Amino acid sequence: MILNKQMEDKSYNNNTRVRFAPSPTGFLHIGSARTAFFNWLFAQKSNGKFILRIEDTDIARHQENTVNLIMNSLKWLGINWDEGPDVGGDYGPYRQSMRINIYKEYAQKLLNEKKAYLCFCSPEVLKKKKEVALKADKFYRYDRKCLKLSRKDINQNLNKGIDYVIRFLVPDNKIINFNDTVYGQISIDTKIIEDFIIVRSNGLATYNYSAVIDDILMKITHVIRGEDHLSNTPKQILIYNALNTKPPSFTHLPMILGQDGTKLSKRHGSISIESYKDEGFLPEAVLNYLALLGWSYGEKTTIFSKDDLIKKFNLNSINKKPAKFDYSKLLWLNGHYIRNSDNEILKELIKERMLKNINFKSDDTLIKSTENLDEKLDKIIPLIKERPKTLQECDSLISPFFFKIKYSTEIINYFKNKEISATKILNGAINSLSGPIVNSEDIEKNLRLLSEKLDVSFRKIAELIRIAIWASKVSPPLFGTIEILGKELTLERLKNYKNLL
RNA sequence: GGCCUGUUCGUCUAGUGGUUAGGACAGUAGGUUUUCAACCUACCAACAGGAGUUCGAUUCUCCUACAGGCUACCA
């Protein structure tokens with residue numbers, strides 16, 4: 001075991017270069033975030049470089065603003081890159097749309113070496129051939145019609161201006177072997193791989209080709225990506241071979257699925273990192289949860305800080321089984337991280353959300369005093385921090401301190417048919433809270449006295465006061481709440497509620 | 001259709017040729033408590049199925065089933 005670890009540590013060296021290569025078709029997907037994170041962790045652990053590359057070869061699908069969206073989400077998670085479109089680096093540019101000529105150059109090289117050829121077959125014709133084959137339950141693969149074209153035919157076609165693509169010539173009768181860190185030894189016979197297109201008729205490279213060119217030129221040593229790319233790997237290895245370069249090490253990560261076992265998508269709930277941020281998740285919790293999907297350490301550890309993960313993370317202990325995304329475990333983890341957050345940090349996060357969501361100047365449901373927001377939050381946060389699972393829940397736990405409360409009909413009628421005399425208790429409470437009160441201990445003492453005096457259980461009294469001052473059956477600890485609310489506001493709410501009865 | 005990959009409690013996972021198959025989340029019950037949480041205790045709950053190898057298989061092999069991926073001028 002120890003020996004293993006040492007051997008493995010040897011393979012880490014600071015020449016390690018990994019990359020995260022998202023396609024900017026939308027926000028940062030939770031599954032992509034894990035891929036990015038595992039790459040990042042491996043780079044940190046190896047003292048290597050983490051590269052961000054934008055795979056925007058498909059102009060039709062890519063949207064410019066999503067590049068920033070993705071970068072912002074990565075930054076929010078604390079996943080920083082050593083080289084990338086914004087920070088540059090020695091192997092740029094880091095956007096495929098800016099590397100078109102590079103792909104062309106290498107395609108020409110392959111063409112010259114007869115490792116690739118021009119194909120003039122139209123997509124319509126090919127589609128038809130494919131349909132026919134599939135209908136007959138036959139295996140389909142491109143028939144290499146254009147490989148047989150003579151120089152003369154080719155020139156004629158070119159002169160006529162017929163659209164063409166460049167296809168990679170897949171060698172016959174070869175077995176591609178590679179060793180995946182997670183899935184082990186994989187062998188594929190080239191007879192099932194067709195001569196795939198590497199440059200489209202519009203001159204742009206396709207994924208399986210451009211990714212390899214970039215990985216070669218960017219000196220990527222370890223490719224860590226989703227399991228959906230496992231089947232693409234043999235094709236890519238073919239290109240490494242054709243260019244006489246050594247393929248990197250491959251690690252494919254098991255997929256993240258929705259609760260029903262299908263691909264994680266919008267109907268399963270939030271899938272973008274952005275929405276987790278908005279819902280009030282902490283990046284630490286999200287990363288911790290993501291790390292637990294497909295990877296584990298030892299037998300009993302679940303909570304990992306980022307530093308822990310850098311120390312303990314290990315590609316060899318990634319498992320093969322696809323994982324279903326469990327929102328409730330993430331919630332639990334987030335609650336854990338909120339509870340254990342530093343109060344100052346929590347305050348800043350909460351403040352940021354408050355300031356973003358409300359307009360203090362014009363909101364007329366606001367209670368006058370927000371000028372000493374910091375001071376108030378300093379008191380409120382220790383009172384509530386054990387409760388919320390998200391920052392969003394913090395917002396609502398805190399809001400009655402700052403906003404006017406509204407009694408629902410359920411709350412107004414709550415004591416209607418109960419045997420206690422709400423009015424009497426409220427009067428008593430108003431009375432006993434009107435005296436000199438310093439802190440929550442005094443408040444509790446006075447209310448316990450009231451309980452004795454009226455011969456009503458303390459629980460009942462607390463319930464009634466809670467409902468009166470919070471318009472809810474649930475509140476932060478009552479006495480602390482009253483203390484922070486202040487005598488004036490507390491009495492006002494008690495009276496208001498009494499008048500509604 | 002072809003090829004690749006996978007299958008341990010509901011979920012994430014640990015683990016082994018002989019274990020009462022361990023932990024965490026969720027769930028249930030109880031305790032604590034001014035409510036809700038938090039916290040503590042207990043409970044619930046799994047080796048997909050079938051052959052084979054073996055004294056013995058959850059563990060090794062094969063088959064089946066199911067699931068996922070690839071099979072695009074998407075990435």
Side-chain angles (χ1 to χ4, degrees), chain A residues 21-25 55-58 60-62 96 119 122-123 126-127 130 133-141 163-167 180 182-184 186-189 191-194 196-202 204-208 210-211 225-235 252 254-255 257 259 261-263 289 292-303 319-333 335-336 339 384-389 393 397 444 447-448 451 457-463 465-467 470 472-479:
Chain A
S23 169
T25 51
E55 306 220 326
D56 53 355
T57 50
D58 188 5
R61 289 211 311 168
H62 113 250
Q96 293 194 325
C119 170
S122 75
L126 293 174
K127 203 179 158 197
K130 192 172 177 176
L134 250 35
K135 221 169 238 170
D137 269 358
K138 275 196 187 141
F139 170 67
Y140 172 82
R141 132 195 215 235
D163 273 354
Y164 66 89
V165 298
I166 303 176
R167 282 185 189 271
D180 185 89
V182 173
Y183 292 93
I186 304 215
S187 304
I188 302 282
D189 196 323
K191 76 178 176 208
I192 62 144
I193 305 175
E194 73 170 356
F196 54 95
I197 293 169
I198 58 174
V199 177
R200 304 179 178 97
S201 55
N202 63 8
L204 298 180
T206 57
Y207 165 74
N208 278 311
S210 60
R225 71 216 324 181
E227 193 257 4
D228 47 340
H229 290 293
L230 190 63
S231 309
N232 286 322
T233 308
K235 286 182 191 168
H252 288 91
M255 299 269 96
L257 309 173
Q259 274 302 310
T262 64
K263 211 161 122 189
Y289 180 68
L292 260 23
L293 252 29
W295 177 85
S296 66
Y297 182 80
E299 208 169 293
K300 282 171 188 164
T301 329
T302 15
I303 306 288
N319 64 25
K320 303 172 200 222
K321 193 185 138 192
K324 292 178 188 164
F325 192 86
D326 184 6
Y327 190 80
S328 65
K329 190 154 187 174
L330 207 209
L331 265 183
W332 169 76
L333 266 168
H336 171 88
R339 261 177 264 136
I384 59 129
K385 76 186 280 195
E386 304 229 312
R387 285 147 237 275
K389 295 232 180 340
E393 284 178 32
L397 269 167
E444 179 170 5
L447 292 179
R448 289 206 185 265
S451 156
S457 78
F458 188 63
R459 186 181 289 259
K460 282 283 161 213
I461 291 191
E463 184 183 36
I465 295 173
R466 170 172 299 112
I467 281 178
W470 216 249
S472 164
K473 285 181 268 182
V474 178
S475 79
L478 193 59
F479 319 121

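Per chain, numbering begins at 1; letters A, B, ... match sequence-line order. These numbers come from the heavy atoms of this one structure, side chains and all, not from hydrogens, waters or symmetry mates. These figures come from a predicted structure and were not determined experimentally.
Salt-bridge formation is detected for the pair A:Lys460/A:Glu463: a Lys NZ or Arg NE/NH1/NH2 atom is positioned less than 4.0 Å from an Asp or Glu carboxylate oxygen.
Distances were taken from every side-chain heavy atom of A:Lys130 (C-beta onward) to each of B:rU71, B:rG1, B:rA37; the shortest belongs to B:rU71. The side chain of A:Thr262 lies closest to B:rG68 when the candidates are B:rG68, B:rA38, B:rA75. Comparing B:rC25, B:rC4, B:rC36 by their nearest atom to the side chain of A:Ser328 picks out B:rC25. Among the nucleotides B:rA38, B:rC73, B:rA75, the one closest to the side chain of A:Glu55 is B:rA75. Looking at the side chain of A:Asn232, the nearest of the listed nucleotides B:rC4, B:rU34, B:rA75 is B:rA75. Checking B:rG69, B:rC73, B:rG2 against every side-chain atom of A:Glu227, the shortest atom distance belongs to B:rG69. Of all nucleotides listed (B:rU34, B:rA75, B:rA72), B:rA75 comes nearest to the side chain of A:Tyr207. Closest to the side chain of A:Asp326, from the set B:rU71, B:rC25, B:rA38, is B:rC25. Listed candidates were B:rC4, B:rA38, B:rA75. Nearest to the side chain of A:His229 is B:rA75. The side chain of A:Ile192 approaches B:rG2 more closely than any other nucleotide in the set B:rG68, B:rG1, B:rG2.
With both ends at atom C1', the span from B:rU32 to B:rA37 equals 13 Å, rounded to whole Å. For the P atoms, the distance from B:rC44 to B:rG69 is 37 Å, rounded to whole Å. Spacing between B:rC9 and B:rU5 at atom P, rounded to whole Å, works out to 23 Å. For the C1' atom pair drawn from B:rU58 and B:rU7, the interatomic distance equals 12 Å after rounding to whole Å. Across the C1' atoms, B:rC66 and B:rA57 are found 23 Å apart, a figure rounded to whole Å. B:rU20 and B:rC47 have their C1' atoms separated by 15 Å, given to the nearest Å. B:rC43 and B:rC36 have their P atoms separated by 25 Å, with the value rounded to a whole Å. Using atom C1' as the reference point in both B:rG52 and B:rU59, the two lie 15 Å apart (nearest Å).
Nearest-nucleotide mapping onto RNA chain B: of A:Ala323 and A:Leu478, the residue sitting toward the 5' end is A:Ala323. Remark on RNA chain B: of its neighbouring residues A:Asn202 and A:Ser475, the 5'-side contact belongs to A:Ser475, judged by nearest-heavy-atom nucleotide.
Side-chain polar atoms of A:Asp326 and A:Ser328 form a donor-acceptor pair below 3.5 angstrom.
If you check every strand for non-hydrogen atoms under 4.0 Å, A:Lys385 touches nothing. In this structure, A:Pro123 reaches the bases: a heavy-atom distance under 4.0 Å links it to at least one base atom across the strands shown. Residue A:Lys263 is in sugar-phosphate contact alone, with no base atom involved, counting any heavy-atom pair closer than 4.0 Å across all strands shown. Within the nucleic acid shown, A:Arg459 comes within 4.0 Å of sugar-phosphate atoms alone, with no base atom in reach, counting heavy atoms only. If you check every strand for non-hydrogen atoms under 4.0 Å, A:Gly294 touches sugar and phosphate atoms only. Within the nucleic acid shown, A:Glu194 comes within 4.0 Å of sugar-phosphate atoms alone, with no base atom in reach, counting heavy atoms only. Using a 4.0 Å heavy-atom distance criterion, A:Lys127 is classed as making no nucleic acid contact.
Within the structure, a side-chain polar atom (N or O) of A:Asn319 is placed less than 4.0 Å from OP1 or OP2 of B:rU13. In terms of phosphate contacts, A:Lys329 brings no side-chain nitrogen or oxygen within less than 4.0 Å of OP1 or OP2 of B:rC12. The side chain of A:Arg339 contributes an N or O atom lying less than 4.0 Å from OP1 or OP2 of B:rC39. The side chain of A:Thr57 places an N or O atom within less than 4.0 Å of a non-bridging phosphate oxygen (OP1 or OP2) of B:rA75. Between A:Arg225 and the phosphate of B:rA75, there is no side-chain N or O to OP1/OP2 separation shorter than 4.0 Å. Contact between the side-chain N/O atoms of A:Lys473 and the OP1/OP2 oxygens of B:rU35 is not found at any separation under 4.0 Å. Close to B:rU8, at under 4.0 Å from its OP1 or OP2, lies a side-chain N or O of A:Lys321. Under 4.0 angstrom from either OP1 or OP2 of B:rG68 there lies no side-chain N or O belonging to A:Lys324. Checking the phosphate oxygens (OP1, OP2) of B:rA14, a side-chain nitrogen or oxygen of A:Ser296 falls inside 4.0 Å.
One atom, CG of A:Asp189, and another, P of B:rG2, lie 15 Å apart when rounded to the nearest Å. Atom CZ of A:Arg448 is separated from atom P of B:rU33 by 10 Å (rounded to the nearest Å). We find that CD1 of A:Ile186 is positioned 15 Å from P of B:rC70, with the value rounded to whole Å. Atom CG in A:Leu447 sits about 16 Å away from atom C1' in B:rU33, given to the nearest Å. The interatomic distance linking A:Phe139 (CZ) with B:rC4 (C1') rounds to 13 Å, in whole Å. Distance CG (A:Leu134) to C1' (B:rC3): 13 Å, rounded to an integer number of Å. Atoms CD (A:Gln96) and P (B:rC73) sit 17 Å apart, rounded to a whole Å.
In this structure A:Glu227 satisfies the salt bridge (charged side-chain N to carboxylate O under 4.0 Å, His left out) test with no other residue, sequence neighbours excluded. Take A:Arg141 and apply the side-chain hydrogen bond (donor to acceptor under 3.5 Å, both in side chains) test, not counting sequence neighbours, and it matches no residue.
Annotation: the span from A:Ile197 atom CD1 to A:Thr206 atom OG1 amounts to 7.5 Å, rounded to 0.5 Å.
In this entry B:rU41 has B:rA29 as its Watson-Crick or G-U wobble partner, both defining distances falling under 3.5 Å. In this structure, B:rG1 and B:rU71 make a Watson-Crick or G-U wobble pair, each of the two defining distances being under 3.5 angstrom. Across all strands shown, B:rU16 has no partner, as no Watson-Crick or G-U wobble contact with both distances under 3.5 Å is found. Across all strands shown, the partner of B:rU64 is B:rA48, judged by Watson-Crick or G-U wobble contacts whose two distances both fall under 3.5 Å.
Within the 3.5 Å criterion, the main-chain N or O of A:His252 finds a donor-acceptor partner in the side chain of A:Asp180. With hydrogens and angles ignored, the 3.5 Å screen pairs no side-chain donor or acceptor of A:Ser296 with any backbone N or O of A:Leu292. Between the A:Glu55 side chain and the A:Gln96 main chain, no donor and acceptor come within less than 3.5 Å of each other.
Annotation: cation-pi pair A:Arg448/A:Phe458 present, NZ/CZ under 6.0 Å from the ring centroid and within 45° of its normal.
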